[in-house]
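Below is one structure, written out as structure tokens, with a few remarks after it.
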Amino acid sequence: MPALLQRLRQRLTARDHGLLVLRRAGRTAIVMPGTFALCDQVIGNPEMALFAAFGSFAMLMLVGFGGPMRQRMQAQASLAVVSSLFVCLGTLASQAAWLACLAMAVLGFGVLLAGAVSSVLAGASTSLLLSFILPVSLPGTASDVPDRLAGWGLAAVVGLIAIRLLWPEPAADPLRGKAVAACRALAARLLSEDEASPDHEQIVCDAHRALDELQRQFLTTPYRPTGLSASDRAVVRLVDELNWARRVIVHSLPIPDDSPNLAARRARIAAANVLGHGADLLAAPRTSPDALHTASAELRTALFALERDAADVLPPLSGRGPGNGTGASTVSVDEPDDRQVTEVIDALEPSFRAHELAFVVGAIGDNIDAAARAERRTWVQRLLGRQATGLPGTLSAAQERVSAHVDPHSVWLHNSVRGAVGLALAVLVANLTDVQHAFWVVVGALSVLRSNALSTGQNALRAVLGTLAGFAIGALLLLPIGGDTTPLWFLLPVTILVAGVAPAVISFAAGQAAFTLELVILFNILQPTGWRVGLVRIEDVAIGCGVSLVVGLLFWPRGAGAALNTALSQAYTASSRYLAAAVEFGMRRPGSRPASTAVEAKRQAVRAASAARRMDDAFRQYLTERGAKTTPLAEFAMLIGGVIGLRLAADTVLDLWERDGDQAFGEGSAARPTQPPHAQLRHTLLRRTWQVTDWYDDFARSLDGRRPVPRSLDQDADADRALVRALREDLRDKHGIASATAVRAIWTGDHLSALRRNQPTLVQPVLTTGLAHGERAPD
């Protein structure tokens, strides 16, 4: 026996990290029998007792909010209010079968789709649905509302007290903790490279491990680990930005003290300081942000100096004369040879990497500061939904998230429609067949409905087998007990505890068996009927599972696996268009850029963000689906990383040219004048942009099978030579010194070259795994 208990303990700790499931099950095992006994034995109201029991189960077992205790209590109180409203609406809708079916469809779709807005709503969706399923499945009138609402309200109030006092979870945010560690690890890596640290190799390994753990935490969370709060939204953006910062650091080399790129070296050190102070503020958001603000100001100063001094490290752009301002040289010039081209491109490589790093680290610092400012709001500001200065409002954030999923290819939209239809059909079938416990049919459908037909069928089989096992155990228990309910009161808390722990620790079928046993005991206390109540549940669950299986076969039966390729394709297409719009904006003259170019760039940025969000949700759903994965997750993660890199490159290019102007290098600086991009330069950079974006568009089409996989673009020496020629003719002074626009133009070309160099890492996973049929376009 001790050995068995030891194995159970090891299994529990391995599958229930932090014992969160055990905490919820333990609280429910105490509260649910207590509220049930109060309503049934003391008050003597069976209707109230039933809703108190299921209310306790919904408020304590089916949901577990995270974060600080105050936020948890606020979320729990909000759930109590909304679910109580659903109890009233469900009771009123239960009076007619057609109304019950229609209301279940509308409310079910709304609750499930709202999960795309926030993990708080996603995590509470089952509780909210149960608060409507129970009353809408039990025919009632307006006179039944007070009793039902009293039972549910009692469970909600006692549940709030239990969450606060009974074995409360630690106020830990796993994603935030991993982000803090990643920021500190990247800061240490930057400083170790620039200070020639003897522990450099170990520091590099620590940085990779910290970033991998952050990414794993983000990907393995069933729902996106962020809520509607501004602080949570800011924190989750750090995942992509920190991984991008790692990519930049990996592809750049340390800058020695005697290097002419001292401005780049200072920018890297300033970036390390922002990461370090940002980690401190992220770990303790209520402390003073002055250190981060100072570090961010130093990083901006270093960025301005980087752009100002970058032209100094360029070799003279020699030629026979500067341009005439029309895009053509006054005197013919010599064609730059390969050596000159290489010198020009390589000379700005350190400063380009430092600029790229400074941009993303600046965004990281801004996000951390936004998260801290949001958390320093007063309770009244939180209650009224007021956001910190400079942050988007809650309503606008919700609209942005929902609009991203109003797309026919959105997996979240598929799941919402499938769930709403399945629940509505289960309500209709339960009413038409006049089963004894209609809500069991609907709960059975809710329990097994998954994102594809295979998963639904597997869960339906497990649910029926688990229910049969629970019925058999219940029948064996009830035979010797007979009509005596006293032993059942002692068994009820034990079965509740097992029903809560079994799905996570043992299996879904074991959870169904324990839940069936729990219901057999509960209903035999209310109205002793012996083992027959188990037979009723088997019948009702089988009907509900059948409904779910039919719906799963009819509505997107292939699930997220089929939608993921489409989501990836759309994300690449949208991000490619965003990059093209960003470069097009930069190639307009600073004083004469039409507003339409800026508006178009911003519009494409929003579309790219929406497509990336749908891609992320499709990938997350794909991770949670049962069954063998035909494509390794690492390959999908690499393809998703390609989308992130494409979007962030567009962000950087847009920011680079948005700061174009006479004061581009800061107040009071001795900045070289910023000349407008001339015709030849515009043509050269736009041509390179179209080459890159056309490739990514073709690659996007290959992912959903519309065309073969394109071969990677080769180094375009002619384009590099044309760029240097354009810079030499248009953007230099009489001494051959490049202007500020020349630096921006070369950096824009570097971003395009980096995206081109990344193409083989995207093509290879597709060809080796057979994704998108594995065809390659002819050379």
Side-chain angles (χ1 to χ4, degrees), residues 51 54-55 57-58 62-63 79 82-83 85-116 121-140 152 405 411-435 437-453 455-457 459-460 463-464 467 508 512 515 519 537 539-557 559 621:
F51 276 79
F54 279 94
F57 191 81
L62 298 181
V63 66
L79 174 61
V82 176
S83 61
L85 175 63
F86 284 3
V87 169
C88 300
L89 294 177
T91 302
L92 298 177
S94 68
Q95 300 179 61
W98 69 268
L99 181 59
C101 181
L102 178 62
M104 185 73 259
V106 173
L107 186 137
F109 177 77
V111 168
L112 293 173
L113 185 63
L121 296 175
S125 60
T126 304
S127 296
L128 290 171
L129 290 174
L130 184 60
S131 69
F132 188 82
I133 289 172
L134 182 62
V136 83
S137 303
L138 300 175
W152 196 275
H405 291 282
V411 172
W412 206 293
L413 180 66
H414 294 179
N415 291 342
S416 300
V417 172
R418 184 190 296 108
V421 173
L423 293 174
L425 186 59
V427 170
L428 180 63
V429 170
N431 277 277
L432 295 179
T433 56
D434 197 25
V435 295
H437 294 290
F439 76 96
W440 284 358
V441 176
V442 189
V443 171
L446 176 65
S447 299
V448 303
L449 195 59
R450 292 297 185 269
S451 63
N452 61 33
S455 294
T456 299
N459 280 283
V464 174
T467 301
F508 174 74
Q512 287 292 305
F515 186 59
L519 293 180
R537 172 162 167 77
E539 175 190 4
D540 296 343
V541 168
I543 294 174
C545 291
V547 169
S548 291
L549 186 57
V550 170
V551 172
L553 289 170
L554 294 178
F555 290 86
W556 302 286
Q621 186 65 54

How far apart are the closest heavy atoms of [X] and [Y], and which atoms are they?
X	Y	result
Val427	Ala100	CG1-CB, 3.9 Å
Gly419	Leu112	CA-CD1, 3.8 Å
Val136	Ala93	CG2-CB, 4.1 Å

Go through the structure and list residues passing ring pair (Phe, Tyr, Trp, His ring centres under 6.0 Å) with Phe57, not counting sequence neighbours. Phe515
Excluding sequence neighbours, so at least two apart, what forms side chain to side chain donor-acceptor pair (under 3.5 Å) with Ser83? Trp152
Do [X] and [Y] come close enough that some side-chain heavy atom pair is under 4.5 Å?
X	Y	answer
Leu138	Phe51	yes
Met104	Leu129	yes
Val111	Phe132	no
Phe86	Ile133	no

When you measure from the side chain of Ser94 to the backbone N and O of Gly140, does any donor-acceptor pair fall under 3.5 Å? yes
Whether the side chain of Ser127 engages the backbone of Ala58 through a donor-acceptor N/O pair (distance < 3.5 Å, no angle test) should be reported. yes
Please list, chain by chain and in numerical order, all residues satisfying side-chain contact (heavy atoms from CB on, under 4.5 Å) with Ala105, sequence neighbours excluded. Ala424
Under the side-chain contact (heavy atoms from CB on, under 4.5 Å) rule, collect the residues that match up with Leu102, sequence neighbours excluded. Trp98, Val106
Interatomic distance, OG@Ser125 vs CG@Leu62, rounded to 0.5 Å, equals 9.5 Å
